[in-house]
**Q** 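I have a structure here, written as structure tokens, and I will follow up with some questions on it.
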Amino acid sequence: MQNFDYQTPTRLIFGKGVIAKLPEVMAQFGPKILLTYGGGSIKKIGLYQQVHELLKDFEIIELSGIQPNPKYDPSVLDGVRLCKEHKIDVILSVGGGSVLDCSKAIAAGACYDGDPWDLISYKVKAQAALPIVDIITLAATGSEYDCGGVISRTETNDKIGYLDRHLFPHTSFLDPTYTFTVSRKQTAAGIADAMNHTMEQYFAEDTTLLNDGFCESMLRSLMVNGRKCLENPEDYTARAEMMLACTYGCNGILSLGNSYSGWPCHGIEHALSAYYDITHGEGLAIITPRWMKHILNEHTLPRFVKYGINVFGIDATLPEREIAEKAIDATYAFFESIHIPMHLREVGIDDSRLDEMAHHIAINEGLDQAYAPLTEADIKAILVDSL
Ligand code: NZQ
Ligand code: ZN
């Protein structure tokens, strides 16, 4: 077991109706709020109106239109400008992971005098960030409980996971009823995203019985409850358990003491969504089983055997290689069963830029250091297999 130094300062307020505590939480910071949101889903579900009603004694400046795969230009730059112009005290992010990720980059940029890209690209270390409170409306990324934000810069095809301890939300409100309206497509993508966050930590060295059990339980819970959410979008119990499972995905709690795995599927997917602006969870679902097939060897076999038996209930008396292959097939079959498009061509990606993307991933994502190291040729092979 590796040494670690771990702290998650975020307050989680979970359950139906918890938004009633919003004024009390916001009052800790000062009167000026930057309210960030996306393309309008929060207006359709009445949350926008509810927030304004609850915060009528505060001064609210708005940044709307934050897109999925949030963009540096204009969203991050506009948000930073608004924070500086209006001397904002706190950011309130209302929406999915994209709105929250963008808000995190804005929070850091607002406390920095230079170009915010210096921070996102790790040229300069942030010294401070504005406090962030969020109301998460889509279960997927775990951004509500971690210190990362993923920002895209269209002109350079960059999609960078920007991590900094200053970016933990101060408080996250998680009301599962807000996720009742999430579409089938986004619900399925959320299931795949959170499952992959778990797998990225499960397929690693120095794992423990404790972490393995946590991960296996996460995966089973996400499959069972995810399916229930798709069958009945207003199943509170299923939406609630899915929401909590997603929240655990990215803040490291599933892998304390493990060696770092390199998060290879994310490294590959971030390039896909940077080049083609696809839905993150769908990209992951397509890549994951192909990556698994590619890295299955004598060294990784025991992990796949454990995964197959404990997550999918595959017969433990079968030959090990057969268990592993069945586990990979079951992974593919699950994603297919929740109607995720399972080929790159189905999400608009053909073979014309695979070389370019494989090169971009190989030089930017450090996957040669991953649990199962990947060369540029390996990455290309996984992409070709995913077509
Ligand atoms: O823009 P609006 O109108 O709000 O619509 C959104 C958007 O179109 C809609 N939506 C959100 N809540 C809804 C809803 N529709 C109906 N009812 C609701 N309650 O869903 C669409 C997708 O939203 P988005 O925020 O993009 O989805 P998600 O939460 O999956 O976030 C994806 C982004 O997070 C990054 C991804 O790369 C991607 O950019 N990630 C962030 C991570 C992190 N911070 O830790 C880790 C992840 O691995 C991931 O990379
Ligand atoms: Zn993800």
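As the structure lists them, so they are numbered: ligands from 1, and atoms in each ligand from 1. The chain is numbered in sequence order, starting from 1.
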**Q** Of all the non-hydrogen atoms in the protein, which one sits nearest to atom 20 (O) of ligand 1, and at what distance?
**A**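 Its nearest protein heavy-atom neighbour is L138 CD1, 3.3 Å.
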**Q** Regarding Y48 and E53, is there a side-chain donor-to-acceptor distance under 3.5 Å anywhere?
**A**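 Distance-only check fails for Y48 and E53.
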**Q** Run through the protein N/O/S atoms less than 2.8 Å from the Zn ion (ligand 2) and write them out by chain and number.
**A**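 Result, waters dropped: D193 OD1, H197 NE2, H266 NE2, H280 NE2.
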**Q** Would you indicate whether D113, at its atom CG, is surrounded by more than 12 heavy atoms from other residues, nucleotides or ligands within a distance under 6.0 Å?
**A**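 Result for CG/D113: open.
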**Q** Does ligand 1 have an atom that lies less than 4.0 angstrom from a heavy atom of V182?
**A**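 Checking ligand 1 against V182, which is what was asked, there is a heavy-atom contact under 4.0 Å.
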**Q** So that I can tick it off, tell me whether K104 and D146 are bridged by a salt bridge, with the cut-off set at under 4.0 angstrom between side-chain N and carboxylate O.
**A**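 Yes, charged N to carboxylate O under 4.0 Å.
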**Q** For the side chain of K71 and the backbone of P68, is there at least one donor-acceptor N/O pair under 3.5 Å apart?
**A**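 Looks like yes, one N/O pair under 3.5 Å.
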**Q** Could you see which bit of Y37 sits under 4.0 Å from ligand 1, with heavy atoms only: side chain, backbone, both or neither?
**A**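 Under 4.0 Å from ligand 1, Y37 contributes no heavy atoms.
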**Q** Using 30° and 60° as the class boundaries, would you call the ring planes of F203 and Y371 parallel, tilted or perpendicular?
**A**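 Ring orientation of F203 relative to Y371: tilted.
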**Q** Below 4.0 Å from ligand 1: does a non-hydrogen atom of G40 turn up there or not?
**A**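 Judged by the 4.0 Å heavy-atom criterion, G40 does count as contacting ligand 1.
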**Q** Can you sort out the partners of E336 under side-chain contact (heavy atoms from CB on, under 4.5 Å), two or more places apart, ordered by chain and number?
**A**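 E336 satisfies side-chain contact (heavy atoms from CB on, under 4.5 Å) with Y332, M342 once adjacent residues are dropped.
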**Q** Any side-chain to backbone donor/acceptor pair from N258 onto Q201? Under 3.5 Å, distance only.
**A**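 Checking the backbone N and O of Q201 against the side chain of N258, a donor-acceptor pair under 3.5 Å is found.
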**Q** Ligand 1 versus D101, non-hydrogen atoms closer than 4.0 Å: side chain, backbone, both, neither?
**A**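 Near ligand 1, D101 shows its side chain, while the N, CA, C and O stay back.
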**Q** Under 4.0 Å, heavy-atom basis, I'd like to know which part of H270 is in contact with ligand 1: side chain, backbone, both or neither.
**A**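 Only the side chain of H270 comes within reach of ligand 1.
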**Q** Does the residue G190 have a heavy-atom contact with ligand 1, meaning some pair of atoms that are separated by less than 4.0 Å?
**A**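 So G190 does not count as touching ligand 1.
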**Q** Take every heavy atom of H197, measure it against each atom of ligand 1, and state whether any distance is under 4.0 Å.
**A**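 Heavy atoms of H197 do come under 4.0 Å of ligand 1.
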**Q** Without swapping roles, check the side chain of E200 against the backbone of H266 for a donor-acceptor pair under 3.5 Å.
**A**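 The answer is yes, because a donor-acceptor pair under 3.5 Å joins these two groups.
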**Q** Can you say whether the rings of F304 and W291 are parallel (under 30°), tilted (30 to 60°) or perpendicular (over 60°)?
**A**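 Tilted, since the angle between the ring planes falls between 30° and 60°.
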**Q** Tell me which part of N69 gets within contact of ligand 1: side chain, backbone, both or neither, using heavy atoms under 4.0 Å.
**A**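 Within the 4.0 Å criterion, N69 contacts ligand 1 through backbone and side-chain atoms alike.
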**Q** Which one holds for D193 and ligand 1: side chain close, backbone close, both close, or neither close, with close meaning a heavy atom under 4.0 Å?
**A**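 The answer is the side chain.
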**Q** I'd like to know if the side chain of Y37 pairs up with that of E62 as donor and acceptor (distance under 3.5 Å, no hydrogens or angles considered).
**A**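 A pair is found: one side chain offers a donor N or O, the other an acceptor, under 3.5 Å apart.
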**Q** With a cutoff of 4.0 Å, is P70 in contact with ligand 1, counting heavy atoms of the residue only?
**A**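 Checking ligand 1 against P70, which is what was asked, there is a heavy-atom contact under 4.0 Å.
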**Q** What protein heavy atom is closest to atom 45 (O) of ligand 1, reported as residue, atom name and distance in Å?
**A**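 The closest heavy atom on the protein side is D146 OD2, 2.5 Å.
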**Q** What part of A140 sits under 4.0 Å from ligand 1 if we count only heavy atoms: the side chain, the backbone, both or neither?
**A**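 The side chain, only.
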**Q** If you count the non-hydrogen atoms of other residues, nucleotides and ligands that lie under 6.0 Å from CD1 in I363, is the total more than 12?
**A**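 Enclosed: over 12 neighbouring heavy atoms sit under 6.0 Å from CD1 of I363.
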**Q** In terms of residue, atom name and distance, what is the protein heavy atom nearest to atom 15 (N) of ligand 1?
**A**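 Among all protein heavy atoms, the one nearest atom 15 (N) of ligand 1 is S41 CB, 3.7 Å.
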**Q** Hey, does K159 sit under 4.0 Å from ligand 1 if you only count heavy atoms?
**A**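 Yes; K159 lies near enough to ligand 1 that a heavy-atom distance drops under 4.0 Å.
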**Q** Is R303 close enough and on-axis enough to Y202, meaning under 6.0 Å and within 45°, for cation-pi?
**A**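 Yes, a cation-pi geometry holds between R303 and Y202.
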**Q** Which residue and non-hydrogen atom of the protein lie closest to atom 12 (N) of ligand 1, and at what distance in Å?
**A**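 Closest protein heavy atom to atom 12 (N) of ligand 1: T137 OG1, 2.8 Å.
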**Q** Within ligand 1, which atoms have a heavy atom of G96 less than 4.0 Å away?
**A**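 Every atom of ligand 1 under 4.0 Å from some heavy atom of G96: 25 (O), 29 (O).
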**Q** Among side-chain atoms of S121 and R153, is any donor-acceptor pair under 3.5 angstrom?
**A**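 On atom types as modelled, these side chains do not qualify, holding no pair under 3.5 Å.
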**Q** For D378 and T375, indicate whether the former's side chain and the latter's backbone hold a donor-acceptor pair under 3.5 Å.
**A**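 It does hold such a pair.
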